[in-house]
Amino acid sequence: MTEELEAGRKSGKCAIEFASVSKAFGSRVVLKDVSFSVAEGTTYVLLGRSGAGKSVTLKLIDGLLKADSGTVTVNGEDIAALEHRALAQSRKRIGYLFQSAALFDSISVGENVAFPLRRHTKKPDAEIRSQAQGLLEQVGLGKEYDSMPGDLSGGMRKRAGLARALAVEPSLLLVDEPSAGLDPVTSTEIDELLIDIKTNRHATLVVVTHNIQSARRIADRMAFIDEGRLLAEGTVKELEHSEHELVQAFMNSHMGG
Ligand SMILES: Nc1ncnc2c1ncn2[C@@H]1O[C@H](COP(=O)(O)OP(=O)(O)O)[C@@H](O)[C@H]1O
Ligand SMILES: [Mg+2]
């Protein structure tokens, strides 16, 4: 653990902590004894091959899944110890952009963004609409309130998904493969948005990606997960010099897109 992280922990500035977390589905172990921590206000990238356990890690942070052993601490609270209402309360401040962007296809882009506001607040309609419009503007979709999701490009759908995730004013934003299926220019734009969110909203981000270039742009620290084990953890430089050949090969590859 670095001095910076150690200091962060002492001052209570650790947004997420995994301590020896394991998770299995039936007899299939998908996370084995995983430990890492994410300092508040930083971007942590999870790298690894497909099926490594990255999405499961995000779901454990969000409380969608429960660890079999070990503890997952989010904003100082042990997720497993929270009762139903407290967990719901904790999840309200977590924005989650799923891999598929998962927009509701039968309602407009603007109403997709307004959805969490309508569900979690009792604000009047006009205020909710204007807030949703403001969020769309922030992601460069100011003219798309009344568009239907099916008419948007892949990059625009990701942006709309981000706007919706931001509606809850998350202190923690979980993003699963933001650049999957996007061209390099569009994925760079999404990266810039993520950097902007961290900087201007002082949010903590955990981002899953296969895209090394993207990881280099956005990460403060990263972890490499393989077959449910955390093989390496640290800064870009540290991972480039990892003792694990697989990690080195991944870091020095030119995987993108
Ligand atoms: N709800 C589930 N039930 C059973 N197996 C699951 C479930 N979710 C994930 N898995 C399995 O756990 C492993 C890790 O999945 P995942 O975290 O989605 O991988 P990735 O690193 O590609 O995001 C995979 O083998 C996957 O099939
Ligand atoms: Mg995944």
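Worth saying up front: this structure is predicted, and the values here are computed from it rather than measured. In this chain, residues are counted from 1 in sequence order. All ligand and atom numbering here is 1-based and tracks the order in the structure.
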If you count the atoms of ligand 1 from 1 in the order shown, which ones are under 4.0 Å from a heavy atom of Ala52?
19 (O), 20 (P), 21 (O)

Axial cation check for Phe104 ring with Arg164, 6.0 Å and 45° limits:
yes

May I ask you to identify the nearest protein heavy atom to atom 18 (O) of ligand 1, giving residue, atom name and distance to one decimal place in Å?
Ser55 CB, 3.5 Å

Look at atom 21 (O) of ligand 1 and find which of Lys59, Lys54, Glu227 reaches it with the closest heavy atom.
Lys54

Using a heavy-atom cut-off of under 4.0 Å, does the side chain or the backbone of Val30 touch ligand 1, or both, or neither?
side chain

Distance flag for atom 27 (O) of ligand 1, protein heavy atom under 4.0 Å:
no

Subset of ligand 1 atoms that lie under 4.0 Å from at least one heavy atom of Ser50:
22 (O)

To the nearest 0.5 Å, tell me how far Phe36 CZ sits from Leu230 CG.
7.0 Å

Close-contact set for ligand 1 against Arg28 heavy atoms, below 4.0 Å:
24 (C), 25 (O)

Residue, atom and distance of the protein heavy atom nearest atom 10 (N) of ligand 1 read Phe25 CE1, 3.5 Å

Whether Ser50 has an N, O or S atom under 2.8 Å from the Mg ion (ligand 2):
no

Do we see a donor-acceptor contact under 3.5 Å between the side chains of Asp33 and Ser20?
yes

What protein heavy atom sits nearest atom 15 (O) of ligand 1, and how far away is it?
Val56 CG2, 3.9 Å

Quiz question: by atom type and distance under 3.5 Å, do the side chains of Thr71 and Asp78 form a donor-acceptor pair?
no

For the residue pair Gln133 / Glu137, report whether a side-chain donor-acceptor contact shorter than 3.5 Å exists.
yes

Yes or no on salt bridge (Lys or Arg N to Asp or Glu O under 4.0 Å) for Glu189 and Lys158, after CA distance, side-chain angles and deciding distance?
CA-CA 11 Å; Glu189 285 169 9; Lys158 283 278 154 72; over 6 Å; no

Lys/Arg N to Asp/Glu carboxylate O, Arg118 vs Asp125, below 4.0 Å:
yes

Taking 4.0 angstrom as the limit, do Arg157 and Asp105 come out as a salt bridge?
yes

Judged on heavy-atom distance to atom 19 (O) of ligand 1, which of Gly26, Gly48, Gly51, Ala24 sits nearest?
Gly51

